[in-house]
Amino acid sequence: METIKLDLGKAFAKASGFIAPDVFSTYKAAAEEMNIALHEKTGRGSDFVGWVNLPNEIDDTYLSDVEATAKSINDKNIDVYVVVGIGGSYLGAKAVIDALSDNFAHLKAHKPAVVFAGQNISEDYLAELRDLLDEKEWAMCVISKSGTTTEPALAFRLLKQDIEAKYGKAEAVSRICAITDASKGALRTLASEEGYKTYVIPDDVGGRYSVLTPVGLVPIAVAGFDIRALVEGAKVMAKATAANVKFENNLACQYAAARHALYTAGKKIEILVNYQPKLHFMAEWWKQLYGESEGKDSKGIFPAAVDFSSDLHSMGQYIQEGERTLFETVISVAKPEREVKIPEDKANLDQLNFLAGKNVDFVNKMAELGTQIAHVDGDVPNIRIEIARLDAYNLGQLIYFFEKACGISGYLINVNPFDQPGVEAYKKNMFALLEKPGFETETQMLKGRIWKVPVVKL
Ligand code: PA5
């Protein structure tokens, strides 16, 4: 079975700061060991490694149930499907749906349009979404593992009232699906009371590793994409990166070891590069996966992302000549889904006739190659991941590959890749400032601090 390709050849180079092959090889055994720890549940946070075997546990009955839910929603002839969630309960579905959708789906009357809510607290966003929904046929799902996250809870409170006002209580219930914990949290209680169709997020799968649970599968199926191919791709990659697959053939171990070697050599920032705008949100998902998993205990590579060639005209300058603490990981799609040939032009004022008859993708690929050479010349190590096509099967592979490498990578820097204690700090302050009951002491302390911020006189 063909898998995605990983090229580390340009991460090993003579220029200073790059990984010497012998340094890289010192991490081989450690990467294999960390992979085994994930499978044997002997590493940190092992209560949350349910995603490791998840692709093999998804059976036909389960997929058929998700597909039946998607069909019953689409049978209502909806224009818009609203997915309410944030973080891991948002980014995976958004990444896959965007990657598989027409770039202009929202202007081509594709039904249903999947839109998101509860991923921000913007009053304008919610007001404009409600204006839109007022004129459309719609349904929604609300996703929250904890069932208590403020942003989606706030959005759902509003949208629940709107959908009930528009369709009446009974019909509204048939248009709402809740995806949450099996037994805990306010959303589970509400869903049971209201009688919503529900799906369970397994206890041992954290938010950012949950795209192959109903968190991703339900919205992706409603959007009309092939969840079987997505899961199949993940299964293939699970097999290719299993505990018994040696480093030489194990792409997840290799990527994790290469990142670790670069990090150890002072490359503190990894930039995920794409040359297909549809992959923008795949990079957002990847940023969350790696940032939340590794950025703790004052450690971790800072995950950043750029869209090329657009950002070659902005961030390209920094990458070429700025501080030399970065490396790039490029996702390259071998074959586009569509074909556009460059036409001959009689006047040739733009002097592009030398490209006439060539595919636009040929120019994109030469931009990619030229950039790789320039950035490597500029001391930016380059890791390249090639996927054959931008389809559900290859995305399934890519998702599992990144998840597996992230678990290994987190263990290599000796952090727990499955918790996110740092996310609580802003929540505590926000609740204190909002004067939430139970936060009285924090409210007093914060107010005292705010009023006392010294004014700096120049
Ligand atoms: O990865 C994570 O665990 C987080 O990003 C969560 O997904 C995010 O905070 C949303 O949490 P919840 O699904 O509990 O609303």
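Both ligands and their constituent atoms are indexed starting at 1 by order of listing.
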Can you name the salt bridge (charged side-chain N to carboxylate O under 4.0 Å, His left out) partners of Glu135, sequence neighbours left out? none
Asp79: partners by salt bridge (charged side-chain N to carboxylate O under 4.0 Å, His left out), with sequence neighbours left out: Lys111
Should the pair Phe308 and Tyr275 be assigned to parallel (<30°), tilted (30 to 60°) or perpendicular (>60°) ring geometry? perpendicular
Please list, by chain and number, the protein residues whose heavy atoms come under 4.0 Å of ligand 1. Ile86, Gly87, Gly88, Ser89, Ser144, Lys145, Ser146, Thr149, Gly207, Arg208, Gln288, Glu292, Gln420
Could you tell me if Lys94 sits above the aromatic ring of Phe281, with its cationic atom closer than 6.0 Å to the ring centre and no more than 45 degrees from the axis? yes
Any residue meeting side-chain hydrogen bond (donor to acceptor under 3.5 Å, both in side chains) with Gln288, in chain and number order, not counting sequence neighbours: Glu292
Kindly say whether the aromatic ring centers of Phe401 and Tyr255 come within a distance under 6.0 Å. yes
